[in-house]
Amino acid sequence: MMALWLLSTFIAVIIAWYIGYRMRLEKIITQKSNLPRDYLMGLNFLLNEEPDKAVDIFIKMLEVDSQVVETHLAVGKLFRRRGEVDRAIRIHQNLIARPQLDKTYHEQSLFELGQDYLSAGMLDRAERIFLELVVLKEYIIPALRALLDIYQQEKAWENAIRTAEKLEAATRKKMRMVIAHYYCELAEITYAKGQVDKSSKYANEALDIDAKCVRASLLQAKFAMTKNDFKSALRSLKRVKNQNPEYLSESIDALASCYEALNEEKELVTYLMELLDEYPRVPVVLILSERIRQWKGDKIAAKFVADYVRRYPSLAGINLFINLYISNAEGRAREDLLILQGLMQKLLADKPNYQCVSCGFSGNTLHWLCPGCKQWDSIKPLYSDALSHTEQKGVMPAKAGI
């Protein structure tokens, strides 16, 4: 019964799509009252699912007036949206090849051909067309956006920077955040090649363009730590709190490493306690509890975590609390805690660490450019805390005798 229902539902969806497709094409016909006979034949071929015959008729037509051009463009777009890019390319190339074509229609056809090539993954051809359109001015803004898409796909970051600057000037909309990420991409590429000084220069340029670029601060710290310049690294890492506290978890481990390298663990605890008071986060509690455990023992560390979890309930916090208590538990209590620990770990394993606030893409790796919606800076760390962090400032866990 279920299989029959699924089959009928699938057939209904197919019929609905086909009816919609026919209605779109019939709308083209009804809106053009004086279409030539050949065009009517071509559209009829489309309705009958004979696209190759339809394209042949369109291309053989020698006389093209403004009314027919618009229909050519509409049919070309329809082909592209259906994924039949090769047919869309033939139609748009046919239009561009006509010497008598009006300048406006020529540029529109050129833009559509560029979109065809972009959809087909023929990036070199698309780039040439969009560069030409930038010079022609009429389609400068959509052409620049298309070029930006191409350069991001090709990872041609220097070209992307120049294009983003032109787009910013054309639209008068700030592109600083995006351009800063392009410089960060260059910084990472040069760092991978062992060019640390050049990498630092790119990271600095990113911050000059966008002072709130968390990624640039993290890269600065990484490059400084490579040179054992831990004080400079600390300055960069402490900047993250003011740039965007949502990314604090990305800086905590490196920050602790810098303090340890400088033999300033007491200063680390003091700083983290102040940070925890302002921004309650499990990664901060994790490092603090480990330091408390080393200095004061497991029981006091567990008490510290318990106070935190009581005020800021979260799966990650409870899991940390269980891990601390297991080391001191015995007998049946230890067995029960181990079972609970296993359950908590399974629950946490199913939860992603990051999620895009724009399209919902999630995963366990931080992508600065969302693979889903292709937006920069839209993926944020997910905290397991059930309550809102930023709205609960005030009462914090007891400081466990530190």
Side-chain angles (χ1 to χ4, degrees), residues 141 144-192 195-227 229 231-255 258 275 278-279 281 354-359 361 365-382 390:
I141 293 175
L144 285 170
R145 286 183 177 140
L147 284 169
L148 213 52
D149 183 15
I150 290 169
Y151 294 141
Q152 285 186 177
Q153 290 186 55
E154 294 179 336
K155 302 187 184 301
W157 303 116
E158 291 179 349
N159 286 340
I161 289 169
R162 288 191 290 269
T163 303
E165 289 171 346
K166 290 177 183 177
L167 185 58
E168 184 178 66
T171 60
R172 296 184 180 179
K173 291 182 179 179
K174 298 297 184 185
M175 297 287 293
R176 291 179 183 177
M177 181 266 288
V178 173
I179 295 172
H181 274 292
Y182 294 158
Y183 275 111
C184 288
E185 291 287 343
L186 289 170
E188 295 207 35
I189 290 170
T190 49
Y191 180 77
Q195 302 170 352
V196 180
D197 290 337
K198 196 171 183 179
S199 301
S200 298
K201 181 183 176 183
Y202 282 133
N204 292 341
E205 287 189 66
L207 278 172
D208 287 342
I209 291 167
D210 180 12
K212 291 189 174 294
C213 184
V214 170
R215 184 184 183 184
S217 292
L218 293 174
L219 286 174
Q220 274 190 336
K222 179 180 178 179
F223 303 153
M225 289 172 74
T226 300
K227 299 177 180 179
D229 187 358
K231 288 188 176 180
S232 294
L234 274 177
R235 285 194 294 271
S236 297
L237 293 167
K238 288 182 178 181
R239 198 186 300 127
V240 172
K241 178 185 72 171
N242 298 319
Q243 290 174 320
N244 191 337
E246 290 183 277
Y247 289 102
L248 270 173
S249 59
E250 304 305 305
S251 65
I252 294 299
D253 285 343
L255 192 141
C258 287
L275 192 63
E278 191 174 359
Y279 301 105
R281 296 289 191 272
Y354 303 94
Q355 187 169 47
C356 177
V357 297
S358 178
C359 71
F361 174 89
T365 302
L366 175 58
H367 298 275
W368 296 105
L369 176 65
C370 177
C373 62
K374 307 300 180 186
Q375 290 192 39
W376 292 96
D377 252 6
S378 62
I379 293 184
K380 310 291 183 185
L382 282 177
T390 56

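- Between E158 and L186 there is a side-chain heavy-atom pair separated by less than 4.5 Å.
- Enclosure of atom NZ in K227 by more than 12 non-hydrogen atoms of other residues, nucleotides or ligands within 6.0 angstrom is indicated.
- Nearest approach of I179 to E165, heavy atoms of both residues: CD1-CG, 3.9 Å.
- For the residue pair M175 and A164, the shortest heavy atom distance occurs at CG-O, 3.7 Å.
- Within the structure, side chain to side chain donor-acceptor pair (under 3.5 Å) pairs that include any residue of residues 168-181 comprise H181-R215, H181-D377 (at least two apart or interchain).
- Between the NZ atom in K231 and the OG atom in S236 there is a gap of 14.5 Å [rounded to 0.5 Å].
- The aromatic rings of Y183 and Y202 sit tilted relative to each other, their planes meeting at an angle between 30° and 60°.
- Considering every non-hydrogen atom in both P381 and E250, the closest pair reads CG-OE2, 3.9 Å.
- Taking CD of Q195 as the start and NZ of K201 as the end, the distance is 11.5 Å to the nearest 0.5 Å.
- Across all their heavy atoms, K380 and V357 have their closest contact at CG-CG1, 3.7 Å.
- You'll find the side chain of I150 stays beyond 4.5 Å of the side chain of T163, heavy atoms only.
- In plain terms, the two heavy atoms of L167 and L148 that are nearest each other are CD2-CD2, 4.0 Å.
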Please report the C-alpha distance between Y191 and S200 in whole Å, then the side-chain angles of each, then the deciding distance to 0.1 Å, and finally whether the side chain to side chain donor-acceptor pair (under 3.5 Å) criterion is met. CA-CA 9 Å; Y191 180 77; S200 298; over 6 Å; no

Distance-only donor-acceptor pairs under 3.5 Å for side chains of residues 365-374, two or more places apart:
unit_1 : atom_1 : unit_2 : atom_2 : d
K374   : NZ     : P371   : O      : 3.4

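- The minimum heavy-atom distance linking T190 with S199 is given by the pair OG1-OG, 2.8 Å.
- Within the model, atoms CD of Q243 and CG of L218 stand 8.0 Å from one another, a figure rounded to the nearest 0.5 Å.
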Under the criterion side chain to side chain donor-acceptor pair (under 3.5 Å), I'd like the reasoning laid out for Q220 against R235: C-alpha separation, chi angles, the key distance, then a yes or no. CA-CA 9 Å; Q220 274 190 336; R235 285 194 294 271; over 6 Å; no

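- Taking a 6.0 Å sphere around NZ of K212, one finds it holds 12 or fewer heavy atoms contributed by other residues, nucleotides or ligands.
- Using a 4.5 Å heavy-atom cutoff, the side chains of S217 and L207 are in contact.
- In this structure, the separation between CD on E185 and CD1 on I189 is 6.5 Å, given to the nearest 0.5 Å.
- With rounding to the nearest 0.5 Å, the separation of CZ in F361 from CD in Q375 is 13.5 Å.
- S251 OG to L234 CG: the interatomic distance, rounded to the nearest 0.5 Å, is 10.5 Å.
- A side-chain donor-acceptor contact under 3.5 Å links Q152 and W376.
- Residue E154 places its CD atom among more than 12 non-hydrogen atoms of other residues, nucleotides or ligands, all under 6.0 Å distant.
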